[in-house]
Enquirer: 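Before I ask anything, let me first share the structure, which is written out below as structure tokens.
Quick note: residue numbers are just sequence positions, from 1.
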Amino acid sequence: MELMQFSLTLDAIRVEMKNEQSFEIAKGLDFIELQSVRYRRLDALSLENMIEVIEEILEQFKLDHKIQRIAKTSDAYMQQISQLFFNGEAVIDRIKLEHAFNEFVEHIKYYVRQVDSEHFYVFVYFVFIREMMHHLNVVEISFKN
């Protein structure tokens with residue numbers, strides 16, 4: 001297993017691998033939202049668009065998908081996701097995340113009402129980490145405050 005540290009902000013994505021390989025892409029949450037969500041309205045179409053935009057970003061890393069990874073972050077959005085979907089857990093595996101994502105998609109209006117509009121990026125972040133788990137073969141994500 002390979003360890004990686006990541007940070008996803010409004011303006012960039014940073015990934016550092018344990019082998020000292022690092023990546024920074026100047027396309028963050030704001031870019032993803034602007035490319036996929038219209039009128040800050042989250043629906044099935046915007047989720048599909050968001051997934052496509054995120055996949056294009058993740059493909060730029062050119063990491064071997066066969067290698068399983070454990071990701072760590074200290075992003076505040078990860079803590080919000082943990083509170084919203086995982087009862088405050090500090091380690092989230094792929095199975096838990098996929099289950100929560102499916103629940104989110106099925107009850108999207110409910111979850112959108114749970115956060116203030118200025119915290120809308122938490123959903124963009126959630127879709128990003130879900131796609132990151134798939135495309136970078138991340139088996140678990142842990143975070144610290």
Enquirer: If you measure from CZ on F104 to CG on L97, what distance do you get to the nearest 0.5 Å?
Expert: 11.5 Å

Enquirer: Going only through I, L, V, M, F, W and Y residues with side-chain contacts under 4.5 Å, is there a path from I108 to V105?
Expert: yes

Enquirer: Between R69 (side chain) and H65 (backbone), is there a donor-acceptor pair under 3.5 Å?
Expert: no

Enquirer: Run the salt bridge (charged side-chain N to carboxylate O under 4.0 Å, His left out) test on K18 and E2 for me, step by step, so that the C-alpha distance in whole Å, both residues' side-chain angles and the decisive distance to 0.1 Å come before the verdict.
Expert: CA-CA 7 Å; K18 186 177 182 185; E2 187 173 51; over 6 Å; no

Enquirer: Looking at side-chain heavy atoms only, is the closest gap between E131 and I57 below 4.5 Å?
Expert: no

Enquirer: Side chains of L136 and M4, heavy atoms from C-beta outward: is any pair under 4.5 Å?
Expert: yes

Enquirer: Could you state the interatomic distance from CD (E16) to NZ (K72), rounded to the nearest 0.5 Å?
Expert: 13.5 Å

Enquirer: So which of E98, E55, R94 actually passes side-chain hydrogen bond (donor to acceptor under 3.5 Å, both in side chains) with H134?
Expert: E98

Enquirer: Rounded to the nearest 0.5 Å, how far apart are CZ of R130 and CD1 of I51?
Expert: 5.5 Å

Enquirer: Determine the interplanar angle of the F101 and F126 rings, folded into 0 to 90°, and report it as parallel if under 30°, tilted if 30 to 60°, perpendicular if over 60°.
Expert: tilted

Enquirer: Do N49 and V37 touch side chain to side chain, with heavy atoms closer than 4.5 Å?
Expert: no

Enquirer: Calculate, to the nearest 0.5 Å, the distance between atoms CZ and CZ belonging to F86 and F143 respectively.
Expert: 10.0 Å

Enquirer: Between CD1 of I81 and OH of Y125, what distance do you get to the nearest 0.5 Å?
Expert: 6.0 Å

Enquirer: Looking at CD1 of I13 and CZ of F23, how far apart are the two atoms once the value is rounded to the nearest 0.5 Å?
Expert: 12.0 Å

Enquirer: Main chain of F6, side chain of T73: is a donor-acceptor contact present, judged purely on distance under 3.5 Å?
Expert: yes

Enquirer: When you group the ILVMFWY residues by side-chain heavy-atom contacts below 4.5 Å and let the links chain together, are I95 and F85 in the same group?
Expert: no

Enquirer: Are any side-chain N or O atoms of D30 and backbone N or O atoms of L10, one a donor and one an acceptor, separated by less than 3.5 Å?
Expert: no

Enquirer: Check for a donor-acceptor pair, side chain of H107 on one end and backbone N or O of E103 on the other, with a separation under 3.5 Å.
Expert: yes

Enquirer: Assess whether a salt bridge exists between E89 and K96, defined as any Lys/Arg side-chain N lying under 4.0 Å from an Asp/Glu carboxylate O.
Expert: yes

Enquirer: Does L29 form a side chain to side chain contact (heavy atoms under 4.5 Å, CB included) with Y77? I'd like the steps, not just the answer.
Expert: CA-CA 11 Å; L29 296 169; Y77 287 116; 3.4 Å; yes

Enquirer: Check step by step if side chain to side chain contact (heavy atoms under 4.5 Å, CB included) holds for F123 and L47.
Expert: CA-CA 10 Å; F123 300 119; L47 283 176; over 6 Å; no

Enquirer: Same cluster or not: L8 versus I70, using hydrophobic residues (I, L, V, M, F, W, Y) connected whenever any side-chain heavy atoms lie under 4.5 Å apart?
Expert: no

Enquirer: Start with the C-alpha gap between M132 and I141, add the side-chain angles, then the distance that decides, and say whether side chain to side chain contact (heavy atoms under 4.5 Å, CB included) holds.
Expert: CA-CA 10 Å; M132 184 178 74; I141 298 173; 3.8 Å; yes

Enquirer: Which atom pair, heavy atoms only, marks the closest approach of D93 to M133?
Expert: C-CE, 3.7 Å

Enquirer: Please determine whether side chain to side chain contact (heavy atoms under 4.5 Å, CB included) holds for the pair V124 and M50, giving the CA-CA distance in whole Å, both sets of side-chain angles, and the decisive distance to 0.1 Å.
Expert: CA-CA 8 Å; V124 179; M50 197 180 303; 4.1 Å; yes

Enquirer: Quick check: do M1 and V139 have side-chain heavy atoms less than 4.5 Å from each other?
Expert: yes

Enquirer: Has S82 got a side-chain atom pairing as donor or acceptor with M78's backbone, closer than 3.5 angstrom?
Expert: no

Enquirer: For R41, what residues pass the salt bridge (charged side-chain N to carboxylate O under 4.0 Å, His left out) criterion, not counting sequence neighbours?
Expert: D43

